[in-house]
Amino acid sequence: MSVITENTAVAGTPPKPAFRINWIRLAPVLYTIGLFVIWEIGVRISGLPHTILPTPTRVFQAIAQYWSPIWKNSLQTLYTTVLGFLIAVAAGLGIGLFIGWSKSIYAGLYPIMVGFNAIPKVALVPILVIWFGIGTVPAVLTAFLISFFPIVVNVATGLATIEPETEDVLRALGAKKLDIMLKVGIPRSMPYFFGSLKVAITLAFVGSVVSETVASNNGLGNMMASAQSNFNVPLVFAGLIMLAIEGIAMYALMAWIEKRMTGWAHRSTMSQ
Amino acid sequence: MPLVSISNVDMRYGGPQGTLAVSGLDMAIERGEFVAVVGPSGCGKSTLMKLVTGLHIPQAGVVTVAGDRVTKPVSIVGMAFQNPTMLPWRTTLDNILLPLEIVERHRHRLRANKKEYVAKAEALLETVGLKGFGDKFPWQLSGGMQQRANLCRALIHEPELLMLDEPFGALDAFTREELWCVIRDLHASQDVTIVLVTHDLRESVFLADTVYVMSARPGRVVAEHRVPFARPRDLSIMYEPAFNEMVQKLHGEIATARAVA
Ligand SMILES: Nc1ncnc2c1ncn2[C@@H]1O[C@H](COP(=O)(O)OP(=O)(O)OP(=O)(O)O)[C@@H](O)[C@H]1O
Ligand SMILES: [Mg+2]
């Protein structure tokens with residue numbers, strides 16, 4: 001008895017957690033601040049003119065100064081990117097399921113997809129402009145074209161790599177192809193799908209900004225291009241910072257969705 | 001007329017130049033019989049299971065189940081494979097209920113009678129010693145526990161023909177004996193035909209009515225033994241001399257089959 005009470009007493013004494021700083025959680029913030037500080041000091045010491053490399057303070061000044069156009073163009077870029085990305089998600093899921101449906105479709109279409117993916121999407125922008133004119137539409141389409149490939153590949157791979165034993169167990173019960181897809185294939189490919197969203201959203205930004213840079217009158221890409229032709233380098237960097245912020249935010253959102261939707265995949269691989 | 005008959009079956013994997021897994025295989029399994037299949041590793045035992053369930057169609061010979069020639073997967077079987085194939089995104093209970101979502105006879109009744117089926121699954125879990133683990137995910141179970149859940153999944157839809165491919169492979173000796181008794185009682189209480197593939201010769205003699213010994217690859221039946229011990233059998237028969245004699249005889253035959261290859 002006494003041993004037990006002693007034990008609980010020991011366990012009951014809380015270690016003092018109140019004063020501990022969680023360095024791991026703070027690390028991203030600290031490192032980011034560090035990066036900006038080094039950048040600031042580096043530029044000041046080397047005396048580079050701000051037309052070549054502006055200091056971060058200069059960049060933030062530019063953000064404040066041009067806030068209204070920056071905000072408008074940021075929203076525009078976010079809008080084209082997300083729209084293109086959403087189309088990519090829908091099309092990628094659909095095409096991925098189609099390709100992964102059977103081994104022969106997979107074998108036949110996969111090389112075509114790889115070939116298509118090898119085309120630099122920038123090269124398609126002029127064609128899109130011929131078809132749709134400059135502006136939002138080619139930006140959305142470029143974002144879509146560049147980001148749907150990883151989604152397709154991941155969904156199709158998830159389907160095509162069902163363990164034969166699992167398939168056998170179901171087929172021995174009289175399962176049709178559709179049953180196997182619904183019960184095993186699709187749930188199984190979901191971690192691949194949600195994992196690919198992080199890659200896809202990042203690529204979607206590449207697509208929309210590239211298209212805006214060469215063929216649009218608005219969006220961050222266009223803003224940076226015209227700022228550059230006016231030698232307004234701080235504004236170019238302001239655009240970059242905004243892109244980075246949007247990119248991080250969307251990436252974090254996708255990572256969160258992935259974790260929410262497919263927690264089992266993380267836990268089951270972790271426990272192995 | 002036997003429930004399962006296999007006559008002069010050849011099965012080759014991977015085209016005409018591929019591996020010949022079984023050749024000239026003959027077997028007849030009566031309704032209600034308990035059959036064990038033993039043989040050297042890689043001799044085509046799992047292949048035999050897949051031929052009977054219609055997952056593979058042989059290049060030569062005929063397999064019939066319940067009077068019909070097998071040309072596509074037959075739906076009266078329950079199957080438990082060597083490696084448990086639990087789906088990691090489903091709880092153990094939902095994994096066990098999976099066959100009911102597939103099998104024609106049950107899938108339309110499942111939603112309306114969910115309670116009844118869940119109760120049945122829980123009763124099965126209890127028989128294999130997994131009471132209360134239904135809401136755990138497979139990756140929260142040990143390997144042996146997954147195998148036991150796998151067994152429940154093979155039984156849930158009350159198949160007429162139960163195909164067990166080394167279902168007790170990863171279990172400790174005590175759990176294994178416990179599950180032998182579960183299977184033995186199941187066979188005694190229900191009208192079910194069981195085919196059990198195993199490496200454990202004591203297991204085969206303890207459980208089966210007939211033990212088939214297969215040759216090394218390409219597999220065929222080299223010997224067929226009727227197990228003379230009366231049912232119900234108790235675990236203690238394993239200490240009887242006649243039991244051990246039979247085990248040793250089987251052991252010798254498999255050793256010869258291996259040496260021939
Ligand atoms: N899908 C496959 N493709 C090609 N060859 C296969 C395939 N499955 C089995 N084989 C071959 O067929 C032979 C018999 O395999 P099988 O799995 O039936 O053996 P087994 O008797 O079950 O062995 P074990 O006791 O080790 O489980 C082996 O030589 C194996 O290499
Ligand atoms: Mg095998």
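Below, chains carry the letters A, B, ... as their sequence lines are ordered, and counting in each starts from 1. We use all heavy atoms of the structure for the numbers below, so side chains are in, but hydrogens, waters and symmetry mates are not.
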Self-check item: Between CD1 on residue B:I102 and CG on residue A:L170, distance to nearest 0.5 Å
Solution: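 Answer rounded to 0.5 Å: 5.0 Å.
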
Quiz prompt | Atom pair CD1 (B:I76) and CG (A:L173), whose distance is rounded to the nearest 0.5 Å | solution = 12.0 Å

Self-check item: Stepwise side-chain contact (heavy atoms from CB on, under 4.5 Å) test for A:R188 and B:W89
Solution: CA-CA 8 Å; A:R188 199 189 122 78; B:W89 55 89; 3.7 Å; yes

Quiz item: With a 4.5 angstrom heavy-atom cut-off, which part of B:L98 approaches chain A: side chain, backbone, both or neither?
Solution: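 The side chain, not the backbone.
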
Quiz item: What part of B:V74 gets closer than 4.5 Å to chain A, counting heavy atoms only: side chain, backbone, both or neither?
Solution: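 The backbone, not the side chain.
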
Quiz item: Are B:R90 and A:K183 close enough, and set up right, to give a side-chain contact (heavy atoms from CB on, under 4.5 Å), and what steps lead you there?
Solution: CA-CA 10 Å; B:R90 285 173 166 245; A:K183 303 287 178 203; 3.8 Å; yes

Can you tell me if [atom1] on [X] sees more than 12 non-hydrogen neighbours from other groups inside 6.0 Å?
X	atom1	value
A:Y106	OH	yes
A:K177	NZ	yes
A:I24	CD1	no
A:N22	CG	yes

Quiz item: Which of residues 49-63 of chain B have a heavy atom under 4.5 Å from any heavy atom of chain A?
Solution: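 So the qualifying residues are B:K50, B:T53, B:L55.
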
Self-check item: Exercise: identify the closest heavy-atom pair between B:P73 and A:R171
Solution: CB-O, 3.1 Å

Self-check item: Contact origin within A:E163 toward chain B - heavy atom pairs under 4.5 Å
Solution: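 Contact with chain B: none, neither part.
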
